[in-house]
Amino acid sequence: MTSLTDLASPPAAPAPRSDRGPAISFEVVSKHFPAADGSLLEALRGVTFDVPCGNIVAILGPSGSGKSTLLNMAAGLIFPDGGRILVMGKRTDAAVDWGRVGYMFQDDRLLPWRLAIDNVALALEAGSMPAEERSRRARAALDLVELGGFGRSYPHQLSGGMRSRVALARSLVGEPEILLMDEPFSRLDAQTRASMHRELIRIHAARRLSILFVTHDVEEAVVLADRIVMMSARPGRVRRSIDVSLPQPRLGTEGAAALTAELRASLEAEPAQEVPP
């Protein structure tokens, strides 16, 4: 596998592997959660879609449509009540190699008392990896997100965009094949968010990661994704699955603007919440 050190100066992107199955498969997935009155709230109903290897797939939908629930189930943090989820061909309740899966949260979750390089290395501390190797990988991950000169900085010394880059480096330091992202750029200003979009596209092109990305921002989905899965209001179901063939970069292009307008109109036509049957 190509190392992060090799990717600090990215080579030409390898061709996507067509001989592999999906990186992630959701198969007729349903999920319920306890409500305050003791009843069960139906969060997801019959959700089926794939994340092809080497693709960026965005889950787009209104608040409460189960987007983050799907991501957390793909991470093995919670499990479906019905159906199944396969990660690299393995059920999430079985022997998935979670070391091959990275997760970037909505908040950067940096520890304020640790240097940037130590925050990145934190993702490797649960195992038995020697400290010298953890440090080497953390430096390579910071180089990959173009923060090689800021490893000795504390979080409060970094801008919001730089903190997001450190969080991205931490999610990549284990050299995963799959990256799960839960609205990680939603708290950034528009200019910084656009910069992070370009950064993610650059890293994806170099590494050919399989990325499952949750967002409520239509433009973000159009700019980043190879496929957009549109969810209905609760209970979340797949309304549409759109393959986006627009070339990169897309931001500001006529095609991206047209697709963004179409999807926004579709979302606005969706009722805020379905009344349970």
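Nothing fancy with the numbering, it's 1 onward along the sequence. When reading the values below, keep in mind they use all heavy atoms of this one structure, side chains included, and skip hydrogens, waters and symmetry mates. On a predicted model such as this, the values are computed, not experimentally measured, just so you know.
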| Spacing of Arg109 atom CZ and Tyr103 atom OH [to the nearest 0.5 Å] | 8.0 Å
| remark: Closest non-hydrogen contact found for Val96 with Thr92 is CG2-CA, 3.9 Å
| field | Check: Val51 and Ile178 side chains under 4.5 Å, non-hydrogen atoms | value | no
| task | In plain terms, say whether Asp93 and Arg84 are close enough for a salt bridge, that is, a side-chain N and a carboxylate O under 4.0 Å apart. | result | no
| said: Using every non-hydrogen atom in the two residues, find where Arg45 and Arg237 come nearest and quote the distance to one decimal. | reply: O-CG, 3.1 Å
| note | NE2 (His197) and CD (Gln248) are apart, to the nearest 0.5 Å, by 11.0 Å
| query | Which atom pair, heavy atoms only, marks the closest approach of Ser135 to Ile117? | reply | O-CD1, 4.2 Å
| request: Could you tell me which non-hydrogen atom of Met73 sits nearest to which non-hydrogen atom of Phe79, and how far apart they are? | output: SD-C, 3.8 Å
| Heavy-atom pair with the smallest gap, counting every atom of Ala225 and Arg250 | O-NH1, 2.7 Å
| said: With a 4.0 Å cut-off on N to O distance, would you call Glu146 and Arg198 a salt bridge? | reply: no
| query | Quick one: CD1 on Ile211 to CG on Leu200, what's the gap to the nearest 0.5 Å? | reply | 4.5 Å
| said: Using side-chain heavy atoms (C-beta onward) and a distance below 4.5 Å, is Val166 in contact with Leu147? | reply: yes
| task | Dump the intermediate steps for side-chain contact (heavy atoms from CB on, under 4.5 Å) on Val238 and Met231, then the final yes or no. | result | CA-CA 5 Å; Val238 177; Met231 300 293 294; 4.1 Å; yes
| Does Phe49 have any ring-ring contact (aromatic ring centres under 6.0 Å, His included) partners at least two apart in sequence or in another chain, and if so, which? | Phe26
| Could you give the distance from OG (Ser266) to CE (Met230), rounded to the nearest 0.5 Å? | 3.5 Å
| Residue pair Leu86 / Glu27: nearest heavy atoms and the distance that separates them | CD1-OE2, 3.7 Å
| query | Are Glu219 and Arg193 within salt-bridge range, i.e. N to O under 4.0 Å? | reply | no
| remark: So CD1 of Ile56 and NE2 of His204: to nearest 0.5 Å the spacing works out to 4.5 Å
| Given the rule in the side-chain contact (heavy atoms from CB on, under 4.5 Å) test, do Met104 and Phe213 qualify, once you have shown the distances and angles that lead to the verdict? | CA-CA 9 Å; Met104 187 173 176; Phe213 190 105; over 6 Å; no
| query | Between Glu132 and Arg136, is there a side-chain N and carboxylate O pair less than 4.0 Å apart? | reply | no
| request: Can you measure from CZ (Arg202) to CG (Leu144) and round to the nearest 0.5 angstrom? | output: 5.5 Å
